[in-house]
Student: 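Can you keep this structure in mind? I'll have questions shortly.
Residue numbering restarts at 1 for every chain, and letters A, B, ... go by the order of the sequence lines. Model, not experiment: these values are computed from the prediction.
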Amino acid sequence: MLRTHTCGDLRKDHFDQSVTLCGWVDKYRDHGGGVFVDLRDRYGVTQVVFDPSSGLVEEAARLRSEYVVKVTGTVSERPQGMANSKLATGAIEVRATELEVLNASETPPFQPNQSELPGEDTRLKFRYLDLRRSAMQDILLLRSRIIKAMRDHFDEHGFIDVETPILGRSTPEGARDYLVPSRVHNGTFYALPQSPQLYKQILMIAGYDRYIQVARCFRDEDLRADRQPEFTQLDMEMSFVDTDDVIGIIDSLVAKLAKDILGIEVTLPLPRMTYDEAMCRFGHDAPDLRFGMELIDCTSIAKETAFRVFRGVADSGGFVRGIRAEGAASQYSRKKIDELTDFVKEDFGAKGLAWFRVEDDGSLWSPIAKNLEPEVLKKISERMEAEPGDLLLFIADSWEVSCKSLAALRKRLGAELNLYDSDQMHCSWIVEFPMFDWDDEGKRWVAMHHPFTAPRLQDMPLLDDDPGKCRARAYDLVINGYEAGGGTIRIHDQGEQSRVFELLGMDTESARERFGFLLDALKLGAPPHGGIALGIDRFVMLFAKLDNIRDCIAFPKTQRATDMMTEAPGSVDNVQLEELGIRLVRKQQNTDT
RNA sequence: GGGGCCGUAGCUCAAUUGGUUAGAGUACCGGACUGUCGAUCCGGUGGUUGGGGGUUCGAGUCCCCUCGGCCUCGCCA
């Protein structure tokens, strides 16, 4: 090692020792007579003093930000009153006797210690500078600790780590695949895994019993603040288990992480809520349970009014549901409510947003109040448990639109009204998801989770009678309104699996073509099994109290799925394309007027 | 594919209703200074206002196109 200590090591008990530190020049203060340099590495910052007696002042005065230097010197007590309580090493300083510039630096586009964070594009372009910031180093360290804790946990429970292929086969179900052209077999393509789902099931069939993997997954879909095209899952699968077994082992992991990382005691078992209950009470399958403001159904009241907007929706099978923002009436001006209205109209296709302000006498004031009979207003007020000063918001629309709109309003108001402590962590399970979703466009059933999910035993007959009512042995881990993980008990019976494929509109032939290996394997001694995958990036985001997944990943992609540092994706040589048997077709510009 | 916000000095930002030579802090360069730690003080360099086109006597500001970043709907089994 070029150094004897790191920049975070030195304390009073190192007095008078000769040490050598290596690091980056974080800050320099040139006093003419003496020069102070804050030397930084990922362990901390140590002040180095160059005083005239060292003969190094002239050389030290040439140091600039981000120079990489090696300094030898004596650990000294700082003069009376000169200690810096902001630094862990603030009681001491190193009085330099030797200085070596290991590498100079051009003036950096930004400095890792600057108080105003540059725009994210600049940070991503010069990611190595951004990653020198202690905030980023803290996150990556946290990430490393979380992954280690997960590995340790599963190791303690007898799980083995097995790697599965990155180059796999495309399965058109689900998300769009990233494709890799085959050179050996021109015209064919590998697909990067959206998850190791089938491989881990095959491992169960192979008798490996308890499997984990820190698995990179790829989905070629549009990005969000909490979504990257490549992301990391803690993938897990177990044999001879039911829902409670999988949930149990994750429960204890979550409790361990919460305690080790955040020092929070989590009460186990984590609460569970069915999908149906979540949709009724919160309009969302991953509700933020740190606060209330539940959705309240007023459809039955709406059937009693002559007011067309409510009555029409209620009579035609729609829903009139609302939320009560406690004491929020004064905080939401007409203008702000108009913004909320545009929000639900534009983003969720709601036809409108009905709202009421609860007056001091308990009456409801609203532009539409005059259209509603007094007894209807009274019933609404009672059903909503309205108190003076409250703001009531209603969506009259289809089930789906009312869920989406109200869930979004609830989330937005919850944040705007500070209804929860952002340090709080609420973990829970959402269970018993529907097996299938009806795809109106394709006029067919699609798997809500994936096609290998087992239905609840008591719902087996529904596969034939009413697939829409069939509930899955599925469970999602929800933390603070984010889906942090999800899994299912899988189908381990070949006939059952074929039946589900059939229901999903796959004929025997195409099921064989796509999943023949699985169907074969299921016939050759497949144990009951199930598992889960935890979104590691999201875990880190939540444990680090961030609202953006890019900060949890060393080298993330931009929203348009590019890497600003390497400028990937890039074009390739024609020679490479030729080997692959690929010719590019320019996208036709629309020249029509 | 749709909606929204943003783009001005290396970085963070300002610039009145469209009106003089586009400013500030910081960084950078030069100078001063022996205890600073957001060092201080003096001086200085630094701009195709993302790019292109248009309207106008005049555009950072208005309009159109385009590039890029972010948020979001669709999408994400």
Student: What is the distance from NZ of A/K404 to C1' of B/U72, rounded to the nearest Å?
Tutor: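 My rounded result for the distance is 13 Å.
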Student: Quick check: any donor-acceptor pair below 3.5 Å linking the side-chain of A/E93 to the base of B/G35?
Tutor: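 Answer yes: a donor N or O sits under 3.5 Å from an acceptor.
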Student: Below 4.0 angstrom, which residues in residues 213-229 of chain A have at least one non-hydrogen atom near RNA chain B?
Tutor: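 A/R219, A/E221, A/D222, A/R224, A/A225, A/R227 - these, ordered by number, are the residues of the stretch whose heavy atoms sit under 4.0 Å from the strand.
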Student: Is any NZ, NE, NH1 or NH2 atom of the basic residue among A/K335 and A/D338 found under 4.0 Å from an Asp or Glu carboxylate oxygen of the other?
Tutor: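 Salt bridge flag = no for A/D338 with A/K335.
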Student: Which atom pairs link the protein and nucleotides 23-30 of chain B when you take only N or O atoms and keep those under 3.5 Å?
Tutor:
| unit_1 | atom_1 | unit_2 | atom_2 | d |
| --- | --- | --- | --- | --- |
| B/C28 | OP1 | A/Y28 | OH | 3.1 |
| B/C28 | OP2 | A/Y28 | OH | 3.4 |
| B/C29 | OP1 | A/R64 | NE | 3.3 |
| B/C29 | OP2 | A/R64 | NE | 3.1 |

Student: Taking side chain to side chain donor-acceptor pair (under 3.5 Å) as the test, write out the residues that go with A/D288, two or more places apart.
Tutor: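 Testing A/D288 for side chain to side chain donor-acceptor pair (under 3.5 Å), a comparison that skips the adjacent residues, returns A/R290.
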Student: What's A/P118 touching, base or sugar-phosphate or nothing? Going by heavy atoms closer than 4.0 Å.
Tutor: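 Sugar-phosphate contact only.
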Student: On a whole-Å scale, what distance lies between the P atoms belonging to B/C28 and B/C70?
Tutor: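 Those two atoms are separated by 29 Å.
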Student: Considering only atom P, compute the distance from B/A14 to B/G68 and round it to an integer number of Å.
Tutor: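 B/A14 and B/G68 have their P atoms separated by 25 Å.
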Student: Going by ring centres under 5.5 Å and near-parallel planes (under 30°), is A/F110 stacked on B/C11?
Tutor: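 A/F110 vs B/C11: stacking no.
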Student: Could a donor-acceptor pair under 3.5 angstrom be found where the side chain of A/N84 meets the base of B/C37?
Tutor: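 Yes.
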Student: Can you name the atoms? Protein N/O to nucleotides 40-42 of chain B N/O, anything below 3.5 Å, with the distance.
Tutor:
none

Student: Given B/G69, is OP1 or OP2 found less than 4.0 Å from the side-chain N or O atoms of A/K125?
Tutor: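 It does not, given that no N or O in the side chain of A/K125 lies less than 4.0 Å from OP1 or OP2 of B/G69.
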Student: Please determine, for the side chain of A/P52, which listed nucleotide (B/U34, B/G3, B/C76) has the closest atom?
Tutor: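 Output: B/U34.
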Student: Restricting to salt bridge (Lys or Arg N to Asp or Glu O under 4.0 Å), what partner residues turn up for A/D551, sequence neighbours left out?
Tutor: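 Partners of A/D551 under the salt bridge (Lys or Arg N to Asp or Glu O under 4.0 Å) test: A/R123.
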Student: Which value, in whole Å, describes the distance between the P atoms of nucleotides B/A39 and B/G1?
Tutor: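 Here B/A39 and B/G1 have their P atoms 47 Å from each other.
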Student: Does a distance-only test, which skips hydrogens and angles, find a donor-acceptor pair under 3.5 Å between the side chain of A/R560 and the base of B/G1?
Tutor: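 No, the side chain and the base share no sub-3.5 Å donor-acceptor pair.
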Student: Check the interface with nucleotides 43-45 of chain B: list each N/O to N/O pair with the protein under 3.5 Å, or write none.
Tutor:
none

Student: Quote, to the nearest angstrom, the C1' distance that separates B/G47 from B/A24.
Tutor: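 Roughly 14 Å separates the two C1' atoms.
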